[in-house]
Amino acid sequence: MTSLLAGNRAQSVSARPKNLSLSNVLAYGEHMARFWRPGSERPRATLVDDEEGGVLFVSAPPSSSSSGFGHSSLERQRQRLPVFKYRDAILYLVENHATTIIVGETGSGKTTQIPQYLKEAGWAEGGRVVACTQPRRLAVQSVASRVAEEMGVKIGEEVGYTIRFEDQTNPSVTVIKFLTDGVLIREMMDDPLLTKYSVIMVDEAHERSLSTDMLLGLLKKIQRRRPELRIIISSATIEAKSMSTFFQARKKDLRHAAEDCVPSHLPAILSVEGKGYTVEIHYVEEPVPDYLQAAVHTVLSINDKEPAGDILVFLTGQDDIDAAVKLLREDTQDDRRRTSGLLVLPLYSGLSRDDQGLVFAPTPKGKRKVVISTNIAETSLTLEGVVYVVDSGFSKQRFYNPISDIESLVVTPISKASARQRAGRAGRIRPGKCFRLYTEEYFLKEMPTEGIPEMQRSNLVSCVIQLKALGIDNILGFDWLASPPPEAMVRALEVLYSLGILDEDAKLTSPIGYQVAEIPLDPMISKMILSACNFGCSEEIITIAAVLSVQSIWVSMWGAQKEFDEVKLHFAAAEGDHITYLNVYKGFLNSGKSSQWCYKNYLNYQAMKKVVDVRDQLSRLLRRLGLALKSCEKDTQILRKAIIAGFFANSCHLEEYSHNGLYKTVRSSEEVYIHPSSVLFRVNPKWVVYHSLVSTNKHYMRNVIAIDPSWLIEAAPHFYQLRAPNLAPC
DNA sequence: CCAGTAGCA
């Protein structure tokens with residue numbers, strides 16, 4: 001057990017990426033407190049041309065001593081942030097370049113400070129707005145309130161934010177606006193050129209989320225029509241180079257521009273150091289056969305040998321994590337002396353709010369906290385107090401096979417960028433250590449530098465419909481930051497065509513296609529809702545749509561499986577999960593939206609509140625689209641027909657003589673099973689339609705309804721015409 | 001004989 005650590009070779013490595021190499025020293029004046037303003041003389045910086053891409057680099061100026069008297073402590077804190085030294089350089093680059101790429105790790109202060117610098121320099125004057133996008137809602141809210149505090153204003157006035165369900169802005173006074181990148185894409189539907197924004201900063205671009213990639217592609221298009229727009233891309237990794245190449249204006253466009261036109265079409269790159277402490281990296285000498293065992297041993301070993309400090313372990317999923325937690329807690333009982341000081345806590349998104357909260361509680365005196373987490377702690381949540389990180393080298397990732405149209409969750413080796421990010425989590429309060437459960441040779445020679453962008457491993461129907469709604473007809477020719485496989489694009493077009501959302505020329509149909517684009521949900525759900533309006537069951541269907549759009553309304557279970565199943569029986573409907581959800585929602589309303597009631601019924605209260613929110617928004621949206629809200633009063637056949645209108649492609653029939661619940665999809669004869677969480681698990685009706693497939697060991701259908709196969713032909717004759725002979729009577 | 005990486009509109 002202890003040999004594992006002894007076998008680790010220690011190597012001192014900074015967890016943060018090195019600064020970009022082409023550096024010159026900025027010769028700075030002493031007047032750090034003064035702002036550089038557009039139109040004034042440029043800061044005395046040395047700018048260097050990169051021969052490869054014509055990229056400009058600005059190097060790190062010597063650190064300045066703040067003159068700081070007369071400032072509030074908040075102001076002094078702002079000046080101590082690493083990014084402060086680069087204020088003039090950033091403002092200069094933004095003034096002179098259409099696109100500026102800022103490479104900076106966590107703690108550099110770029111997210112909170114740069115929007116303020118831009119405002120101070122006048123970019124928010126004359127009714128213009130500085131925007132800053134984030135991939136996550138929580139980040140939008142917390143960054144916005146921090147900036148409002150620093151500026152001494154109330155949130156929703158000069159500084160505001162917009163996320164779904166919450167618009168905390170005031171159009172006449174808001175000058176700095178934080179929003180999710182998804183919201184900004186939605187805003188383009190009303191204002192395609194985003195005319196009110198003078199600068200748009202896209203933060204966390206290295207995460208390469210679906211909507212960030214899409215936004216960057218769209219912004220590049222906008223830039224051609226709005227030369228005065230400035231774009232800042234902020235990224236934690238040196239992927240900057242490919243971003244820079246992407247944003248470089250094409251030669252054709254440059255011909256008309258003067259050589260030294262302002263702004264330059266050559267993107268600028270600036271590197272800002274972070275505030276993280278050095279993290280010592282340890283590798284194993286031999287590959288480990290079982291990362292779960294290795295992780296547990298490493299934790300015990302750290303507890304034995306290393307001084308106080310919390311431990312963060314990265315595993316892949318709930319299964320792994322629960323198993324590891326169990327092992328460590330058992331060990332606590334076996335061997336009181338050694339591990340009695342360990343407080344072992346799981347962390348993943350499926351946990352209830354309360355359980356997630358436990359990991360943020362301060363560690364009791366004399367205890368050492370061990371948090372066993374999924375990727376959620378890599379980007380979404382930050383744990384203070386972590387000094388040791390154990391990195392399994394794996395995470396679960398979603399992959400999409402456009403041929404079979406199936407998404408699967410696969411345990412996948414992480415990238416070097418992720419490994420570095422994970423290690424960095426150990427260096428937030430003081431120098432830390434990271435124990436990698438893979439060899440150094442593997443890290444250096446085999447681990448991929450960057451992960452595969454989400455765009456290249458996803459189903460693209462939502463993407464395609466949004467681009468269509470923005471009037472981009474040539475999807476295959478769209479200038480993507482990373483092109484998705486053409487098969488995936490073709491598949492998305494096919495699916496949208498079969499739903500009647502696109503016509504033969506791949507144009508949005510009227511009114512269905514345009515209405516679907518207006519609804520901020522998966523197109524199959526939107527189609528289901530629109531059909532429900534015709535069937536006269538929209539009241540019920542928007543409830544179902546709302547439930548399907550939250551993670552899971554059931555509370556994640558530990559031991560009480562049997563009681564849980566019994567409670568669920570209360571609500572269970574023979575027709576399937578969707579109808580069951582209606583019963584749950586009704587019960588929730590009858591209870592007066594009580595959290596106690598949720599607790600008793602193994603329901604996630606937060607999730608139920610979100611269901612109510614989403615449902616409200618959908619009913620407002622339907623009213624705006626002039627569609628009727630009607631109830632079908634318990635006619636579950638009509639309800640299921642409306643569901644089928646969106647999900648007819650997901651039909652399956654039970655294999656004859658199947659004793660283990662084997663189904664085959666009608667479309668492609670894939671072998672699938674009903675997910676154990678479904679109320680139809682073990683009920684196994686002859687014909688079913690599922691909402692989604694999750695593919696782990698097997699293909700599991702989640703959210704299933706029982707149907708009559710004749711409804712399929714009725715709903716989608718074009719889709720089932722050729723297959724009709726296969727639809728045996730039931 | 002049985003289970004959900006993360007996240008957004």
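Both backbone and side-chain heavy atoms feed into the values below; hydrogens, waters and symmetry mates do not.
- Heavy atoms of A:E207 sit nowhere under 4.0 angstrom from any nucleic acid atom.
- When heavy atoms are screened at a 4.0 angstrom cut-off, A:S209 is found touching no nucleic acid atom at all.
- Taking the six-membered ring for Trp and the full ring otherwise, A:Y690 and A:F647 have centroids separated by 6.0 Å or more.
- If you check every strand for non-hydrogen atoms under 4.0 Å, A:I163 touches sugar and phosphate atoms only.
- Nucleic acid contact for A:R136: sugar-phosphate only, since backbone atoms but no base atoms lie under 4.0 Å from a heavy atom of the residue.
- Of all heavy-atom pairs between A:S695 and A:I406, the closest is OG-CG2, 3.3 Å.
- Within 4.0 Å (heavy atoms only), A:L409 reaches at least one base atom of the nucleic acid.
- For the pair A:K698 and B:dA3, the criterion of a side-chain N or O lying under 4.0 Å from OP1 or OP2 is not met.
- In summary, A:E378 and A:R425 do not engage in a salt bridge, as defined by a charged side-chain N under 4.0 Å from a carboxylate O.
- Atom OH in A:Y291 sits roughly 11 Å away from atom C1' in B:dT5 (whole-Å rounding).
- Contact between A:S234 and A:K110 at its shortest, heavy atoms only, is OG-NZ, 3.3 Å.
- In terms of phosphate contacts, A:T379 brings no side-chain nitrogen or oxygen within less than 4.0 Å of OP1 or OP2 of B:dA6.
- Using a 4.0 Å cut-off on heavy atoms, the residues of residues 673-681 of chain A that approach DNA chain B are A:H675, A:P676, A:S677, A:F681, listed by number.
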* To do: Walk me through it: do A:L548 and A:Y581 pass the test side-chain contact (heavy atoms from CB on, under 4.5 Å)?
  => CA-CA 9 Å; A:L548 292 173; A:Y581 294 146; 4.2 Å; yes
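- Here A:E670 does not pair with A:K664 in a salt bridge; the nearest charged N to carboxylate O distance is not below 4.0 Å.
- Among the atoms of the strands shown, none is found under 4.0 Å from any heavy atom of A:S211.
- Annotation: proximity of residues 390-397 of chain A to DNA chain B (heavy atom, distance under 4.0 Å) is found for A:K396, numbered in ascending order.
- Contacts of A:D522 with the nucleic acid, taken as non-hydrogen atoms under 4.0 Å apart, include base atoms.
- The salt bridge (Lys or Arg N to Asp or Glu O under 4.0 Å) analysis of residues 542-554 of chain A, with sequence neighbours excluded, yields no pairs.
- Side-chain N/O atoms of A:N375 and A:R422 include a donor and acceptor closer than 3.5 Å.
- For the pair A:K416 and A:F443, the cation sits on the ring face: its NZ or CZ lies under 6.0 Å from the ring centre, inside 45° of the axis.
- At a threshold of 4.0 angstrom between heavy atoms, the contacts of A:S462 with the nucleic acid are absent.
- The nearest whole Å value for the distance from the CZ atom in A:R186 to the C1' atom in B:dC8 is 10 Å.
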